[in-house]
Structures are given as C-alpha cells and as structure tokens.
Amino acid sequence: MLTLQFTTFPALETERLVLREHHLSDAEALFAMRTNEKIMKYIDRERPQNVEAVRAVITRFNEGFEEGYNLAWVIALKENPAQMIGTIGYWQADYANHRAEIGYMLHPDFWRKGMISEALKKTISFGFENMNLHTIKANINTGNDASRQMLLKHGFSKEALFRQDYYFNGKFLDSEIYGLINPNH
C-alpha cells in the first residue's frame with residue numbers, strides 16, 4: 001500500500017511561487033480567506049468563527065502531514081514567502097488505491113494571473129512523481145466554472161456528477177468529480 005514517507009515537509013518552488021508548510025503565523029491570512037465570501041462562494045465549508053479556530057485547522061494540517069493523511073501547502077510569492085496568498089494540497093488520501101483529492105484556493109488579488117495554474121502544475125507533478133499517486137481527483141461545486149476550466153486545462157476529465165449528494169447550509173448540493181490519471185502508470 002502507498003504511504004507518504006517524507007522526513008521533512010516538501011517545500012516546492014515554481015517560477016514565481018513558493019509552496020511551503022503552514023505556520024501558525026499564517027492564521028490571520030487564512031482566516032481572512034476562509035471568511036471572504038468571494039473566495040468561499042463555491043467552497044461549501046463552514047466559515048471559521050475566529051483566528052483561534054484557524055490555528056487549530058493549521059495544527060490539523062501539520063499533524064495530518066506528520067501522520068501521512070494530507071499534504072497542504074501555503075502558496076506565497078517568492079519575493080514575500082512569509083505572506084500567504086493561497087493554499088493547495090492533497091486531502092482524503094486513499095492509499096490502498098493510490099488516489100488523493102486535490103484542492104486549492106487563492107486570494108482574489110491574485111486571480112487571473114496564472115498563479116493557481118502554476119501551483120497546480122507543480123503539485124500534480126509532485127503527486128505523480130514523488131508521492132507515486134495513480135489518480136488525482138477533484139470535487140467541485142457545479143457552479144464553479146473557473147475551477148472546472150482550470151481542471152480541464154490541466155488534463156482532468158469529468159468522471160461524475162453526483163446529484164444532491166452534499167448537505168450544506170440547509171441545502172442539498174450537487175458535486176462534480178474530476179480525475180487525472182498518472183500518464184506514466
């Protein structure tokens with residue numbers, strides 16, 4: 001069975017970005033993103049009540065890495081690596097089947113500048129080459145056309161539409177599932 005066995009957190013770099021481990025000092029920036037309705041419009045998750053709740057989330061991210069359950073990066077610009085502008089990572093790893101789910105978010109000040117595309121390209125490559133994933137999946141809200149287009153641009157295919165499979169905020173929501181198979185397997 002596949003396992004994550006990194007002795008230290010795998011920081012990554014792209015042309016403009018640093019993908020690094022979450023720090024408790026990122027809590028205020030992450031709180032601001034997770035309470036920004038423009039960012040969270042299609043991310044169907046409860047909003048944190050305060051910065052302390054986000055510190056607990058960051059602690060869970062880091063513990064999840066240590067225990068091999070997830071791998072969550074902060075997205076930062078190379079010229080300012082301490083300032084979080086987004087997140088990207090692998091969640092809900094299914095090691096028996098060499099699969100993990102990828103997810104991402106970015107502060108609106110950096111939308112439409114190719115930042116998520118750059119981070120996604122790097123993390124997909126890392127997932128296939130360093131984590132030995134066979135399949136990367138993504139689960140999006142059906143209204144999130146920007147994310148759909150991003151996934152299609154990076155070679156993902158729509159695998160499923162689940163009708164009213166997710167209950168959030170008093171409503172049943174549809175989910176679209178996208179997948180990308182490792183071309184080297």
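Bear in mind that the values here come from a model prediction, so they are computed numbers and not experimental data.
- Side-chain contact check for Y104 and T123: no donor-acceptor pair (N or O, by modelled atom type) lies under 3.5 Å.
- Annotation for E28: atom CD does not count as buried by contact number, only 12 or fewer foreign heavy atoms lying within 6.0 Å.
- Judged purely by distance below 3.5 Å, without hydrogens or angles, the side chains of T14 and K121 never pair a donor atom with an acceptor atom.
- Taken together through direct or relayed side-chain contacts under 4.5 Å among Ile, Leu, Val, Met, Phe, Trp and Tyr, Y69 and I58 form parts of separate hydrophobic clusters.
- No side-chain N or O of N141 forms a donor-acceptor pair with one of N144 less than 3.5 Å apart.
- Atom CE of M84 is separated from atom CZ of F31 by 13.5 Å, given to the nearest 0.5 angstrom.
- Counting non-hydrogen atoms of neighbouring residues, nucleotides and ligands closer than 6.0 angstrom, the CD atom of E79 exceeds 12 such neighbours.
- At a threshold of 4.5 Å between non-hydrogen side-chain atoms, the residues E46 and F168 count as touching.
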Next on the checklist: Please evaluate residues V74 and E21 with respect to the criterion side-chain contact (heavy atoms from CB on, under 4.5 Å), reporting the C-alpha separation (whole Å), side-chain torsions for both, the decisive distance (0.1 Å), and the verdict.
Outcome noted: CA-CA 6 Å; V74 163; E21 186 173 21; over 6 Å; no
Item to check | Verdict with reasoning, I136 to F156, per side-chain contact (heavy atoms from CB on, under 4.5 Å) | outcome: CA-CA 9 Å; I136 299 170; F156 283 76; 3.8 Å; yes
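- No side-chain donor-acceptor contact under 3.5 Å links D94 to the backbone of A100.
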Item to check | Test log, rule side-chain contact (heavy atoms from CB on, under 4.5 Å), inputs R163 and F172 | outcome: CA-CA 8 Å; R163 308 274 305 160; F172 286 97; over 6 Å; no
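- Of all non-hydrogen atoms in A72 and H22, the two that sit nearest each other are O-ND1, 3.3 Å.
- Here the straight-line distance linking atom CD of Q83 with atom OG of S25 works out to 9.5 Å at 0.5 Å rounding.
- Salt bridge R55/E52: present, at least one basic N to carboxylate O contact under 4.0 Å.
- A distance of 11.5 Å separates CD in E101 from OH in Y90, rounded to the nearest 0.5 Å.
- S175 and D165 are linked by a side-chain donor-acceptor pair at a separation below 3.5 angstrom, with hydrogens and angles left out of the test.
- L151 and F162 end up in different hydrophobic clusters when Ile, Leu, Val, Met, Phe, Trp and Tyr side chains are linked at under 4.5 Å.
- Between Y42 and S147, every side-chain heavy-atom pair lies at or beyond the 4.5 Å cut-off.
- H107 approaches M33 most closely through the heavy-atom pair N-SD, 3.9 Å.
- How far NZ of K78 is from CZ of R16: 10.5 Å, rounded to the nearest 0.5 Å.
- Ring pair F9/F65: centre-to-centre distance below 6.0 Å.
- Crowding of F110 atom CZ: a count of heavy atoms from other residues, nucleotides or ligands under 6.0 Å exceeding 12.
- Here R47 pairs with E37 in a salt bridge; the nearest charged N to carboxylate O distance falls below 4.0 Å.
- The aromatic rings of W91 and F61 sit tilted relative to each other, their planes meeting at an angle between 30° and 60°.
- In terms of heavy-atom proximity, D26 sits nearest to A82 at OD1-O, 3.8 Å.
- For the atom pair L77 CG and I85 CD1, the distance stands at 4.0 Å (nearest 0.5 Å).
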What pairs of donor and acceptor atoms, side-chain ones from residues 177-185 against any protein atom, are under 3.5 angstrom apart with sequence neighbours left out?
unit_1	atom_1	unit_2	atom_2	d
Y178	OH	R148	NE	3.3
Y178	OH	E176	OE1	2.4
N182	OD1	N184	N	2.9
N182	ND2	L133	O	3.0
N182	ND2	H185	NE2	3.3
H185	ND1	H134	ND1	3.0
H185	NE2	N132	OD1	3.2

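- Residues I102 and Y166 fall into different hydrophobic clusters, defined by Ile, Leu, Val, Met, Phe, Trp and Tyr side chains chained together at heavy-atom separations under 4.5 Å.
- Scanning all heavy atoms of the two residues, the minimum distance from L12 to W73 falls at CD1-CZ2, 3.6 Å.
- To the nearest 0.5 Å, the span separating CG on L17 from CG on L19 amounts to 6.0 Å.
- Ion pair D44/K171 not flagged as a salt bridge, since none of the NZ, NE, NH1 or NH2 atoms sits closer than 4.0 Å to an Asp/Glu carboxylate oxygen.
- Side chains of T135 and H98: a donor-acceptor N/O pair is absent below 3.5 angstrom, by distance only.
- Under the 4.5 Å side-chain heavy-atom criterion for ILVMFWY residues, no single connected hydrophobic cluster contains both M105 and V18.
- Here the side chains of R99 and Q92 are not in contact, with every heavy-atom distance at 4.5 Å or above.
- Closest approach of T35 and P48 over heavy atoms only: CG2-O, 3.7 Å.
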Checklist entry - Could you walk me through whether L173 and Y167 pass the side-chain contact (heavy atoms from CB on, under 4.5 Å) check? => result CA-CA 6 Å; L173 305 173; Y167 188 75; over 6 Å; no
